[in-house]
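Here's the structure we're looking at; comments come further down.
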Amino acid sequence: LLGPNGAGKSTTLKILCGLIRPSSGAAYIDGIDIVEKPEKALSRIGAIIETPEFYSYLTPEDTLSYFGRLRGMKENGLKKRIKEVIELVKMEKWSKVKIEKFSRGMKQRLGLAQTLLQDPPVLILDEPSLGLDPRGVVEFREIIKGVGKEKTVFFASHQLVEVSQICSRVAIINNGQLLAYDSVAELEKKYQTLEQAYLKLTGGSIE
């Protein structure tokens, strides 16, 4: 999901996550109406909205255990899954370190681990590579490519290079209006590059 600041990206994601109610229209997660059946719809997603924050006195293992129990995961399966997602986001060395020592990028990694914990079919991510160093961005790209083979990953971003390398389809919005929804290949065919598609459709510079 691409668009300038204020275009409505975060608002769209918040509606899909049940954090705010739409003033009109309808929103569905995996065919389930988010307004009429929020609990059922939300059980199908893992999400990062804006910058993730956690209890600073806990470790990643403590945090993921807490979230897993909130989700009703059983203790034995939960321990195994925590180990898997920590390895997936490459935080093995930090799994027992208090979060108060974490950088913003480390919190982003932990946030991604939390979204994957219950193995949901849909991930909704709001600028998930924000705060990551270049190596972290590359690792994030590979993680999303991997999980995207089995899940729907829907994320908002300003990083057009990342989007062109990760995504199969792109929606471009501005002022709350959908300007384009197509495959990356088709947008590049029509506008030469994804960057040119963005510039011509939004009528402005890249944020």
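- Among all heavy-atom pairs drawn from Val35 and Pro22, the shortest one is CG2-CD, 3.7 Å.
- At least one donor-acceptor pair under 3.5 Å links the side chain of Gln108 to the backbone N or O of Pro128.
- Residue Leu64 comes nearest to Leu117 through the heavy atom pair O-CD2, 3.2 Å, listed as atom of the first residue, atom of the second, then distance.
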Check the pair Leu42, Ile29 against side-chain contact (heavy atoms from CB on, under 4.5 Å), reporting the backbone distance first and the verdict last. CA-CA 8 Å; Leu42 293 175; Ile29 297 290; over 6 Å; no
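- No chain of hydrophobic side-chain contacts below 4.5 Å, direct or via other Ile, Leu, Val, Met, Phe, Trp or Tyr residues, connects Leu70 to Leu19.
- Using a 4.5 Å heavy-atom threshold, the side chains of Ile173 and Leu2 count as separate.
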Step by step, work out the side-chain contact (heavy atoms from CB on, under 4.5 Å) result for Val161 and Val163. CA-CA 5 Å; Val161 173; Val163 169; over 6 Å; no
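- Across all non-hydrogen atoms, the minimal contact from Pro60 to Val97 is CD-O, 3.1 Å.
- For the pair Leu125 and Phe154, the minimum side-chain heavy-atom distance is 4.5 Å or more.
- With a 4.5 Å cut-off on side-chain heavy atoms, Ile124 and Phe155 do not count as touching.
- Side-chain atoms of Tyr198 and Leu194, non-hydrogen and from C-beta on, never get closer than 4.5 Å to each other.
- Residues Phe102 and Met91 are in side-chain contact: their nearest non-hydrogen atoms beyond the backbone lie under 4.5 Å apart.
- Under the 4.5 Å side-chain contact rule for hydrophobic residues, Leu13 and Tyr181 share a cluster.
- Taking every heavy atom of both residues into account, Tyr55 and Ile99 meet most closely at O-CD1, 3.8 Å.
- Contact annotation: the side chain of Ser10 never approaches that of Ile49 to less than 4.5 Å [non-hydrogen atoms, C-beta and beyond].
- The two residues Leu178 and Ala171 come nearest to each other via the heavy atoms CD1-CB, 3.9 Å.
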Lys190 vs Glu186, test: salt bridge (charged side-chain N to carboxylate O under 4.0 Å, His left out). Steps then yes/no. CA-CA 6 Å; Lys190 185 174 181 180; Glu186 282 299 315; over 6 Å; no
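- Side chain of Asn175 to backbone of Gln177: no donor-acceptor contact under 3.5 angstrom is found.
- Ion pairing between Lys151 and Asp119 holds under the 4.0 Å rule for side-chain N and carboxylate O.
- Put simply, the side chain of Lys83 reaches to within 4.5 Å of the side chain of Glu87, judged on heavy atoms.
- In this structure, Gln192 places its CD atom where only 12 or fewer heavy-atom neighbours from other residues, nucleotides or ligands lie under 6.0 Å away.
- Between Phe54 and Ser56, the closest side-chain pair of non-hydrogen atoms is not below 4.5 Å.
- Criterion: ILVMFWY side-chain heavy atoms under 4.5 Å apart, direct or through other members. Under it, Tyr191 and Ile172 are part of a common hydrophobic cluster.
- Side-chain contact of Thr202 with Asn174: a donor-acceptor pair under 3.5 Å is absent, judged by distance alone.
- Smallest separation of non-hydrogen atoms from Pro120 and Arg44: CB-O, 3.6 Å.
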Without placing hydrogens or testing angles, list every side-chain donor-acceptor pair under 3.5 Å for residues 129-139, not counting sequence neighbours.
from   : atom 1 : to     : atom 2 : distance (Å)
Asp133 : OD1    : Arg135 : N      : 3.3
Asp133 : OD1    : Gly136 : N      : 2.6
Arg135 : NE     : Glu139 : OE2    : 3.2
Glu139 : OE1    : Arg109 : NH1    : 3.0
Glu139 : OE1    : Arg109 : NH2    : 2.7

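- Checking Thr59 against Asp62 by side-chain atom types alone, a donor-acceptor pair falls below 3.5 Å.
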